[in-house]
Amino acid sequence: QVQLVESGGGLVQPGGSLRLSCAASGFTFSSYAMRWYRQAPGKERELVAHITGTSSSTNYADSVKGRFTISRDNAKNTVYLQMNSLKPEDTAVYYCYAVGWGDWGQGTQVTVSS
């Protein structure tokens, strides 16, 4: 059974940083690409970042390029999202996703506000 547990969210001031983590279990983690999505109130869920199983390639939404970094530790079955220079429009619930499995975690709330 696939399990994805996100953590690391919180309240941060504009310009601040947060590091999100997603602990995965129930599948061979290193064999699958992973993604981070986010969903703001009243908006559709959007793809934020993608990383291949071997970390050989990453992709980002234009809105976060240069500010966010996705990474993974296959020994720990964990994917990360380092978020710098946060803006109020980054406020959302952030979810990780294992490509090909269709399961979602509970998400972690990120609020950027002064």
Side-chain angles (χ1 to χ4, degrees):
Q1 181 179 355
V2 172
Q3 238 190 338
L4 301 167
V5 180
E6 301 93 339
S7 62
L11 173 64
V12 63
Q13 292 188 339
S17 298
L18 281 174
R19 188 196 197 203
L20 306 184
S21 300
C22 171
S25 61
F27 61 103
T28 305
F29 182 73
S30 59
S31 296
Y32 292 87
M34 295 293 295
R35 293 175 175 170
W36 283 98
Y37 285 80
R38 68 185 180 187
Q39 188 165 21
K43 294 191 175 180
E44 304 238 331
R45 194 169 295 190
E46 64 168 341
L47 175 62
V48 174
H50 171 100
I51 186 168
T52 56
T54 59
S55 302
S56 59
S57 178
T58 57
N59 297 97
Y60 299 91
D62 287 343
S63 57
V64 308
K65 267 181 196 172
R67 301 187 297 121
F68 290 12
T69 303
I70 188 171
S71 62
R72 64 192 295 160
D73 184 338
N74 287 344
K76 295 182 178 179
N77 285 6
T78 301
V79 62
Y80 305 98
L81 186 68
Q82 177 67 43
M83 306 187 295
N84 299 329
S85 302
L86 282 160
K87 305 175 181 180
E89 51 263 44
D90 295 317
T91 295
V93 179
Y94 284 72
Y95 301 88
C96 67
Y97 180 79
V99 178
W101 285 99
D103 295 272
W104 297 93
Q106 83 289 348
T108 186
Q109 175 71 48
V110 171
T111 303
V112 184
S113 175
S114 53

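The ring pair (Phe, Tyr, Trp, His ring centres under 6.0 Å) contacts involving residues 9-39 comprise Phe27-Tyr32, Phe27-Trp101, Tyr32-Trp101, Tyr37-Tyr97, Tyr37-Trp104, where partners must be two or more places apart or lie in separate chains. Residue pairs that meet the salt bridge (charged side-chain N to carboxylate O under 4.0 Å, His left out) test with at least one member in residues 66-75, sequence neighbours left out, are Arg67-Asp90. Within the structure, no pair that satisfies the salt bridge (charged side-chain N to carboxylate O under 4.0 Å, His left out) test touches residues 22-33, not counting sequence neighbours.
Asn74 places a side-chain N or O within 3.5 Å of a backbone atom of Gly53 that can act as its donor or acceptor partner.
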Review item, side-chain donor-acceptor pairs of residues 3-15, under 3.5 Å, at least two apart:
| from | atom 1 | to | atom 2 | distance (Å) |
| --- | --- | --- | --- | --- |
| Glu6 | OE1 | Gln106 | N | 3.2 |
| Glu6 | OE1 | Gly107 | N | 3.0 |
| Glu6 | OE2 | Cys96 | N | 2.9 |

Would you list the atom pairs, donor with acceptor, under 3.5 Å between side chains in residues 76-89 and any protein atom, with sequence neighbours excluded?
| from | atom 1 | to | atom 2 | distance (Å) |
| --- | --- | --- | --- | --- |
| Thr78 | OG1 | Lys76 | O | 2.8 |
| Gln82 | NE2 | Asn84 | OD1 | 2.9 |
| Asn84 | OD1 | Ser17 | OG | 3.0 |

Taking only distance into account, with no hydrogens and no angle test, what donor-acceptor pairs under 3.5 Å do side-chain atoms of residues 57-64 form with protein atoms, sequence neighbours excluded?
| from | atom 1 | to | atom 2 | distance (Å) |
| --- | --- | --- | --- | --- |
| Tyr60 | OH | Ile70 | N | 2.9 |
| Asp62 | OD1 | Lys65 | NZ | 3.1 |
| Ser63 | OG | Arg38 | NH2 | 3.4 |

Checklist entry - Under the side chain to side chain contact (heavy atoms under 4.5 Å, CB included) criterion, do Val93 and Arg45 qualify, and how do the steps go? => result CA-CA 9 Å; Val93 179; Arg45 194 169 295 190; over 6 Å; no
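Side chains of Ser56 and Thr54: a donor on one and an acceptor on the other come within 3.5 Å.
One finds the CZ atom of Phe68 at 8.0 Å from the CG atom of Leu20 (value rounded to the nearest 0.5 Å).
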